[in-house]
Amino acid sequence: MADEQEIMCKLESIKEIRNKTLQMEKIKARLKAEFEALESEERHLKEYKQEMDLLLQEKMAHVEELRLIHADINVMENTIKQSENDLNKLLESTRRLHDEYKPLKEHVDALRMTLGLQRLPDLCEEEEKLSLEPACLVTSKFTGMHLYALYAKPRVGPGTPKSQNGSKMNKEREST
């Protein structure tokens, strides 16, 4: 009976070993699956971080590109302002010269008429580009509006005769 009990005891121990071994194998299989999932997740995390680094580099490239565009816009705004200032100075200078020329020409024409000579041709007859006329409104968001701009007027046709009273273009201008 002692042998039987010892055998029973050994059988119980073997049964317990078998159950524990099966339980251990199941845990081992789960542990192996967990390790594989861990390694896979580590790989994914590494890939995510690499992708994040690439996205951050791309973002910084875009930020730099935007900064350069803003810098270019600022340069262009300053260039436009400077050009408009230069235009205003040139327009003012041109007006002053025109204002100086006009009475001088009238005086010379009067002197020529007293001597029986023909009047000198007007600026617009001599050079198309030397006519100051209200041509169009030049607008700008920086400096407002200019009422006058230089523009080329068409010359009088070749068959139009000149008279001592002034040119046909002067008459057309005065009538409008």
Arg95 vs Glu92, test: salt bridge (Lys or Arg N to Asp or Glu O under 4.0 Å). Steps then yes/no.
CA-CA 5 Å; Arg95 276 192 211 104; Glu92 189 57 38; 3.4 Å; yes
Taking all heavy atoms of Leu120 and all of Asp109, pick out the closest pair and write down the distance.
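Smallest heavy-atom distance, with atoms named: N-OD1, 2.9 Å.
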Of all the heavy-atom pairs spanning Arg112 and Gln118, show the shortest one and how long it is.
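Looking at all heavy atoms of both residues, the closest pair is NE-O, 2.7 Å.
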Residues 40-65 side chain polar contacts: donor-acceptor under 3.5 Å, at least two apart:
unit_1: His44; atom_1: ND1; unit_2: Ser40; atom_2: O; d: 3.1
unit_1: Glu64; atom_1: OE1; unit_2: Arg67; atom_2: NE; d: 3.1
unit_1: Glu64; atom_1: OE2; unit_2: Arg67; atom_2: NE; d: 3.4
unit_1: Glu64; atom_1: OE2; unit_2: Arg67; atom_2: NH2; d: 2.7

If you measure from [atom1] on [X] to [atom2] on [Y], what distance do you get to the nearest 0.5 Å?
X: His107; Y: Leu111; atom1: NE2; atom2: CG; result: 4.0 Å
X: Glu16; Y: Asn19; atom1: CD; atom2: CG; result: 8.0 Å
X: Asp86; Y: Leu91; atom1: CG; atom2: CG; result: 11.0 Å
X: Glu77; Y: Ile80; atom1: CD; atom2: CD1; result: 7.0 Å
X: Leu31; Y: Leu38; atom1: CG; atom2: CG; result: 10.0 Å
X: Ile73; Y: Met76; atom1: CD1; atom2: CE; result: 10.0 Å

Using atom types as modelled and distance alone, determine if a side-chain donor or acceptor of Thr94 lies under 3.5 Å from a backbone N or O of Leu90.
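A pair under 3.5 Å: yes.
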Output yes when a side-chain donor or acceptor of Ser83 lies under 3.5 Å from a complementary backbone atom of Thr79, and no otherwise.
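Checked: no pair found.
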In this structure, would Val75 and Ile69 fall into the same cluster of hydrophobic residues linked by side-chain contacts under 4.5 Å?
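No.
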pair Asn78-Gln82: side-chain heavy atoms closer than 4.5 Å
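Asn78 does not reach Gln82 side chain to side chain.
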Below 4.5 Å, heavy atoms only, C-beta onward: do Glu106 and Lys102 meet side chain to side chain?
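Result yes, sub-4.5 Å side-chain heavy-atom pair found.
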salt_bridge(Lys10, Glu6) N-O dist < 4.0 Å
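Result for this pair is yes, salt bridge flagged.
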Under 3.5 Å, is there a donor-acceptor pair linking the side chains of Glu84 and Asn88?
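Short answer, no.
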